[in-house]
> 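What follows is a structure written as structure tokens; I'll ask about it next.
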Amino acid sequence: MAELIIALDLAADDARRLLDRIPEARWVKVGSILFTREGPPLVRELAARGLQVFLDLKWHDIPHTVAGAVESAADLGVAMATVHCLGGSDMMREAARASAGRVGVVGVTVLTSHSATDYGATLGRGGEVVLLDEVARLAGAARATGLRGIVCSPLEVATVRGTLGPAAWVVVPGIRRSGDPAGDQVRTATPEAAARAGASHLVVGRPILQAGDPRSVFREMAAAAGG
Ligand code: C5P
């Protein structure tokens with residue numbers, strides 16, 4: 001069974017209206033755009049509604065700074081937050097330590113916007129890297145530092161679940177029902193397939209945000225994910 005996380009890629013008032021229409025919602029994702037505009041008060045408001053907040057700011061900084069950000073997120077009542085695995089093992093270890101079991105810190109492996117070629121070029125490796133191997137390598141590094149889990153695309157879930165074992169959080173965006181427009185997502189999966197492959201949390205934006213009846217799409221996807 002996987003939890004559905006609604007990605008609040010909306011203005012704050014639209015997000016409030018959407019949540020009023022989906023009383024079953026348990027998790028929401030607040031990303032950089034909404035957080036930079038609305039800040040901690042909106043996160044507190046969402047937590048006060050009884051929602052689990054996934055604060056997706058993808059920290060990648062020196063270990064001391066990331067640890068401070070994780071502590072701040074925990075104090076804010078956030079349930080999940082992200083760091084980049086490429087911040088390195090010392091940074092991930094400090095993030096895990098700073099979480100003190102109060103907030104689940106998950107590591108972003110390879111951004112889904114990367115191709116194998118530009119990822120290889122970014123790392124100065126030349127040629128193409130095998131993204132699946134890279135995701136598995138970073139997931140293993142995240143596990144070794146004590147992070148709560150990782151973020152990966154639907155294509156990598158099954159491999160990563162094998163690397164991380166049953167207890168880790170495996171958070172997966174790019175979720176579409178068959179027939180839903182993919183939008184700019186290249187690597188997609190249905191909620192059934194992603195949950196079956198081992199995802200613990202599914203991040204869903206546009207299929208719910210743009211639906212005429214968002215509650216019925218949420219319920220359908222949650223049921224498909226086993227929730
Ligand atoms: O609208 P859609 O369902 O594609 O939204 C997916 C959400 O997950 C967006 O908030 C997007 O920024 C986020 N995300 C993603 N791919 C990643 C990490 C986060 O699509 N690798």
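In listed order, ligands and their atoms are each counted from 1. Keep in mind that the numbers below use all heavy atoms, side chains included, and drop hydrogens, waters and symmetry copies.
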> Could you list the atoms of ligand 1 found under 4.0 angstrom from a heavy atom of Gly205?
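Close to Gly205: 1 (O), 2 (P), 3 (O), 5 (O).
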> Quick check: does any side chain N or O of Glu94 sit under 3.5 Å from a backbone N or O of Met91, one acting as donor and the other as acceptor?
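Side chain of Glu94 to backbone of Met91, a donor-acceptor pair under 3.5 Å: no, none is there.
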> Between Tyr119 and His114, how do the two ring planes meet: parallel, tilted or perpendicular, split at 30° and 60°?
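Ring orientation of Tyr119 relative to His114: perpendicular.
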> Are any of the N/O atoms on Lys58, whether in the backbone or the side chain, positioned under 3.5 angstrom from an N/O atom of ligand 1?
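No: no nitrogen or oxygen of Lys58 is under 3.5 Å from one in ligand 1.
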> In chain order, what residues pass the salt bridge (charged side-chain N to carboxylate O under 4.0 Å, His left out) check against Arg21, with sequence neighbours excluded?
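For Arg21, no residue satisfies salt bridge (charged side-chain N to carboxylate O under 4.0 Å, His left out) once neighbours in sequence are set aside.
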> So which heavy atom in the protein is nearest atom 20 (O) of ligand 1, and how far is it from that ligand atom?
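Heavy-atom neighbour on the protein nearest atom 20 (O) of ligand 1: Gln185 NE2, 2.7 Å.
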> Any Lys/Arg nitrogen of Asp20 or Arg17 sitting under 4.0 Å from an Asp/Glu carboxylate oxygen of the other?
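Salt bridge: no.
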> Going by an N to O cut-off under 4.0 Å, is there a salt bridge joining Asp75 and Arg102?
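Answer for the salt bridge query: yes.
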> As an exercise, identify every atom of ligand 1 less than 4.0 angstrom from a heavy atom of Arg206.
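Going through ligand 1 atom by atom, the ones under 4.0 Å from Arg206 are 1 (O), 2 (P), 3 (O), 4 (O).
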> Who's the nearest protein heavy-atom neighbour of atom 12 (O) of ligand 1, and how far?
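Going by distance alone, atom 12 (O) of ligand 1 is nearest to Lys29 NZ, 4.0 Å.
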> Tell me whether Thr112 has any N or O atom under 3.5 angstrom from an N or O of ligand 1.
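Yes, since at least one N or O of Thr112 sits under 3.5 Å from an N or O of ligand 1.
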> What are the two closest heavy atoms between Ile175 and Ala194, and how far apart are they?
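Where Ile175 meets Ala194 most closely, the heavy atoms are CD1-CB, 3.7 Å.
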> In the protein, what heavy atom is nearest to atom 7 (C) of ligand 1, and what distance, to one decimal place, separates them?
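Checking every protein heavy atom, the shortest distance to atom 7 (C) of ligand 1 gives Val203 CG1, 3.8 Å.
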> For ligand 1, indicate whether the residue Ser153 contacts it via side chain, backbone, both or neither (heavy-atom separation under 4.0 Å).
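It is neither part, as no heavy atom is under 4.0 Å.
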> With sequence neighbours excluded, tell me which residues meet salt bridge (charged side-chain N to carboxylate O under 4.0 Å, His left out) with Glu192.
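Once residues adjacent in sequence are excluded, Glu192 has no partner under the salt bridge (charged side-chain N to carboxylate O under 4.0 Å, His left out) criterion.
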> Nearest protein heavy-atom contact for atom 18 (C) of ligand 1: which residue, which atom, what distance?
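For atom 18 (C) of ligand 1, the nearest protein heavy atom comes out as Pro173 CG, 3.9 Å.
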> Distance under 4.0 Å to a non-hydrogen atom of Pro207: what atoms of ligand 1 satisfy this?
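Taking each heavy atom of Pro207 in turn, ligand 1 has 3 (O) under 4.0 Å.
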> Output yes when Asp56 and Lys58 qualify as a salt bridge under the 4.0 Å nitrogen-oxygen rule, no when they do not.
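Yes, charged N to carboxylate O under 4.0 Å.
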> Just jot down the ligand 1 atoms closer than 4.0 angstrom to any heavy atom of Arg176, in number order.
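Answer for ligand 1: 1 (O), 2 (P), 3 (O), 4 (O).
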> Tell me which protein heavy atom sits closest to atom 9 (C) of ligand 1, plus the residue, atom name and distance to 0.1 Å.
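Going atom by atom, the protein heavy atom closest to atom 9 (C) of ligand 1 ends up being Asp9 OD2, 3.3 Å.
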